[in-house]
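What you are looking at is a predicted structure, and each value in this text was computed from that prediction instead of being measured.
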Amino acid sequence: MLADSAADSTAPTFTLPTTAADVTDTTRQAAGWLDENWQGWVVSGLRIVLILALALVLRAVVRKVIHKLVTRMGRPAESDGDHGVLGGLLATSGVVNTERRQQRSEAIGSVLRSVASFTILGTASLMALSVLGVDLAPLLASAGVAGVAIGFGARNLVTDFLSGVFMIMEDQYGVGDEIDTGVATGTVLEVGLRVTKLRGASGEIWYIRNGEVKRIANMSQGWGTATVDVQVGYKEDLERIELLVTETAEQLAKESPYDELIWGRVKVLGVESVSVDSVQLRIEARCTPGKSAQVSRALRVRLKAAFDLAGVKLKEEAAAVTVPAQPAAPEILPPSALADPNSARSLAAKPIPTQN
């Protein structure tokens with residue numbers, strides 16, 4: 001109560017002017033106050049406008065630099081005249097097509113532009129508040145505490161975000177790739193900075209956080225291998241079989257669409273296993289990534305037709321063993337109980353002796 005009374009006694013009182021002299025004094029005070037402060041207002045306003053203008057200009061320049069940088073990073077190395085450090089950075093693998101490089105460049109550019117805009121505009125906003133006389137120390141302290149709390153609470157989110165950025169920059173996988181992440185296998189539908197979406201073999205959709213992926217097997221980069229195991233008879237000429245396989249594979253590689261799917265010559269690696277009646281050969285063909293199953297199936301069909309035409313046996317027939325006919329054994333009847341003269345039935349069957 002005492003504090004309230006003291007505050008009420010020290011607070012300024014505002015009264016309406018009732019006389020001409022009071023009106024004149026109030027007007028002079030207002031004019032004097034405006035005369036003393038208008039220059040500061042103008043200067044502060046100009047400083048704020050200048051800060052915002054410089055921030056917008058700097059943001060535009062940085063965004064343009066980022067655009068040029070990302071464009072140069074995604075440019076093929078052979079088309080870069082000066083062969084700089086950044087030239088072809090996203091195309092170092094040599095197997096990434098133009099569309100794939102463009103997607104990666106756009107993703108990286110979007111992240112860099114967002115970070116640059118947030119940093120520049122945030123700094124300009126703090127400078128404008130400082131010009132207005134706002135004490136930034138409590139604000140910055142609160143922001144620091146809040147940032148630490150949010151950082152501890154959202155550490156998984158930060159981990160997912162950073163992992164997504166590096167996945168895109170390193171081109172670990174992209175849309176349309178068939179990958180194995182350890183927890184799920186499927187075709188990539190969408191690559192985000194936090195979550196990767198996969199389509200499984202049975203049609204299911206997997207949502208995988210980027211921070212949880214410890215290893216990635218990409219079956220759609222570089223080249224694939226189509227492996228076929230062929231079984232032939234034990235007595236077949238292996239050199240003839242190898243020549244037949246090579247001719248059949250070369251004929252398949254000349255036909256569409258396998259002329260683009262098969263890369264190089266089909267190789268017969270050799271004997272994989274030997275059994276009593278057959279020999280198994282392993283055949284390998286380098287092909288377009290992700291098309292190994294299609295090439296293997298087509299190669300099996302062609303080899304089967306070629307073997308049938310050439311009369312190649314897939315398994316040796318077992319020799320028939322003739323067993324001479326044995327004479328029929330006489331039928332042996334089970335022994336009769338009457339055969340034992342001491343049995344009860346034999347004694348009962350004996351004739352009654354005659355009485356003298």
Side-chain angles (χ1 to χ4, degrees), residues 59 62-63 65-77 85-122 143-144 146-224 288-292:
R59 177 174 175 268
V62 171
R63 290 172 67 91
V65 171
I66 291 174
H67 176 72
K68 291 185 177 181
L69 176 66
V70 172
T71 302
R72 187 176 180 184
M73 290 171 63
R75 186 184 308 164
V85 178
L86 298 177
L89 180 59
L90 298 183
T92 52
S93 60
V95 296
V96 184
N97 54 31
T98 304
E99 183 179 358
R100 178 75 164 272
R101 280 198 306 271
Q102 186 67 24
Q103 292 177 354
R104 295 169 58 200
S105 300
E106 291 297 332
I108 296 173
S110 177
V111 173
L112 294 178
R113 285 191 293 268
S114 299
V115 173
S117 299
F118 178 78
T119 303
I120 294 173
L121 296 181
V148 173
I150 293 175
F152 278 110
R155 57 186 182 275
N156 291 333
L157 181 62
V158 175
T159 302
D160 297 340
F161 179 82
L162 294 178
S163 299
V165 171
F166 282 107
M167 284 178 181
I168 294 175
M169 291 185 63
E170 297 172 359
D171 190 30
Q172 297 180 10
Y173 53 83
V175 176
D177 288 351
E178 184 179 355
I179 64 174
D180 180 3
T181 62
V183 295
T185 302
T187 304
V188 179
L189 297 180
E190 181 180 343
V191 180
L193 294 177
R194 192 183 70 86
V195 174
T196 296
K197 185 188 298 184
L198 298 182
R199 171 76 71 180
S202 301
E204 69 277 8
I205 296 180
W206 296 88
Y207 295 89
I208 303 174
R209 287 171 42 197
N210 295 330
E212 293 183 347
V213 178
K214 304 300 181 183
R215 64 170 179 84
I216 298 174
N218 194 329
M219 283 79 79
S220 300
Q221 285 186 354
W223 43 267
T288 303
K291 300 297 182 180
S292 57

J.: Looking only at the side chains, is there a donor atom on one of Y173 and T196 sitting less than 3.5 Å from an acceptor on the other?
T.: yes
J.: Kindly give the heavy-atom pair with the smallest separation between T159 and G211, and that separation in Å.
T.: CG2-CA, 4.1 Å
J.: Between A116 and I66, what is the shortest heavy-atom contact and its length?
T.: CB-CD1, 4.1 Å
J.: As a quick check of understanding, evaluate side-chain contact (heavy atoms from CB on, under 4.5 Å) for S117 and R63, giving each step before the final call.
T.: CA-CA 8 Å; S117 299; R63 290 172 67 91; 3.5 Å; yes
J.: First locate atom OG1 of T181, then atom CD of Q172, and finally report the distance between them rounded to the nearest 0.5 Å.
T.: 11.5 Å
J.: Roughly how far apart are R59 CZ and T119 OG1, rounded to 0.5 Å?
T.: 11.5 Å
J.: Ignoring hydrogens, what is the shortest heavy-atom contact between P289 and W223? Give both atom names and the distance.
T.: CD-CA, 3.9 Å
J.: Working to the nearest 0.5 angstrom, can you tell me the gap between I205 CD1 and E190 CD?
T.: 10.0 Å
J.: Let me know which of V195, V188, V213, D160 forms a side-chain contact (heavy atoms from CB on, under 4.5 Å) with I208.
T.: V213
J.: Test F161 against R194 for side-chain contact (heavy atoms from CB on, under 4.5 Å), laying out the working first.
T.: CA-CA 5 Å; F161 179 82; R194 192 183 70 86; 5.9 Å; no
J.: Would the distance check show the side chain of N218 and the main-chain N or O of I179 forming a donor-acceptor pair, the cut-off being under 3.5 Å?
T.: no
J.: Atom CH2 of W206 and atom CG of L189: how far apart are they, to the nearest 0.5 Å?
T.: 13.5 Å
J.: If you look at every heavy atom in N210 and G164, which pair is closest and at what distance?
T.: ND2-CA, 3.5 Å
J.: Do T187 and R199 have a side chain donor and acceptor closer than 3.5 Å?
T.: no
J.: Calculate, to the nearest 0.5 Å, the distance between atoms CE and OG1 belonging to M219 and T185 respectively.
T.: 6.0 Å
